[in-house]
Amino acid sequence: FDLSDLEILGRGAGGRDYGLYMEGPTLTQDVNFHDSSITGTAFNPILVERVEGAVTIENNVIAKDPAGASSAIYWFTHL
């Protein structure tokens, strides 16, 4: 998947939303997210969970809510 030139606007504090949520194990394709912006999300702007393909994130503006998100990009796997 090639995701580019996007402006993702969250619902703000209390909105209970992510900007880009990639979840596997069914996501086996490569993902390239570039030249975009994510702002105003209540939770992590980008969350990557158990993705089997390659993920590239480059040349983006990513704004994390200081109260609701632990990080701008949250990446984790399960054993």
Side-chain angles (χ1 to χ4, degrees):
F1 295 106
D2 187 58
L3 307 171
S4 65
D5 301 313
L6 301 173
E7 183 179 355
I8 299 172
L9 304 173
R11 294 181 292 215
R16 302 180 56 84
D17 57 348
Y18 298 93
L20 179 61
Y21 193 131
M22 295 175 271
E23 182 180 7
T26 57
L27 182 55
T28 58
Q29 299 87 356
D30 295 347
V31 176
N32 185 12
F33 179 64
H34 59 97
D35 303 313
S36 299
S37 67
I38 301 175
T39 58
T41 60
F43 300 144
N44 305 93
I46 296 177
L47 189 139
V48 182
E49 178 180 1
R50 298 182 306 170
V51 172
E52 294 183 10
V55 176
T56 303
I57 300 169
E58 61 185 355
N59 300 322
N60 298 293
V61 174
I62 302 169
K64 172 186 93 64
D65 180 278
S70 60
S71 62
I73 301 172
Y74 191 74
W75 206 298
F76 62 102
T77 61
H78 301 268
L79 298 175

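Legend: residues meeting side chain to side chain donor-acceptor pair (under 3.5 Å) with N32, ordered by chain and number and at least two apart, are D2. Not a single side chain to side chain donor-acceptor pair (under 3.5 Å) links D5 to another residue, sequence neighbours left out. Partners of T26 under the side-chain contact (heavy atoms from CB on, under 4.5 Å) rule, at least two apart in sequence or in another chain, do not exist in this structure. Under the ring-ring contact (aromatic ring centres under 6.0 Å, His included) criterion, Y18 pairs with Y21, F43, sequence neighbours left out. Here E52 pairs with nothing under the salt bridge (Lys or Arg N to Asp or Glu O under 4.0 Å) rule; sequence neighbours left out. Take F1 and apply the ring-ring contact (aromatic ring centres under 6.0 Å, His included) test, not counting sequence neighbours, and it matches no residue.
Under the 3.5 Å distance criterion, the side-chain polar atoms of N59 are left unmatched by any main-chain donor or acceptor of H34.
One hydrophobic cluster, built from ILVMFWY side chains closer than 4.5 Å, holds both L27 and I73. In the hydrophobic clustering of this structure, Y74 does not group with L20; members are Ile, Leu, Val, Met, Phe, Trp, Tyr whose side-chain heavy atoms approach within less than 4.5 Å, directly or through other members. Connection of V31 to I57 is established within a shared hydrophobic cluster, with ILVMFWY side chains joined at heavy-atom distances below 4.5 Å, either directly or through further cluster members.
Here the side chains of F76 and L47 are in contact, with some heavy-atom distance below 4.5 Å.
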Listed pairs under 3.5 Å, donor-acceptor, residues 60-67 side chains, sequence neighbours left out:
residue	atom	partner	partner atom	Å
N60	OD1	D35	N	3.2
N60	OD1	S36	N	2.9
N60	ND2	F33	O	3.1
N60	ND2	E58	O	2.9
K64	NZ	A69	O	3.2
D65	OD1	A67	N	2.8
D65	OD1	G68	N	2.6

Using atom types as modelled, flag every donor-acceptor pair under 3.5 Å from a side chain in residues 6-16 to any protein atom, sequence neighbours excluded.
residue	atom	partner	partner atom	Å
R11	NE	G15	O	3.2
R11	NH2	G15	O	2.7

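Residues V51 and E23 share a closest heavy-atom pair of CG2-N, 4.3 Å.
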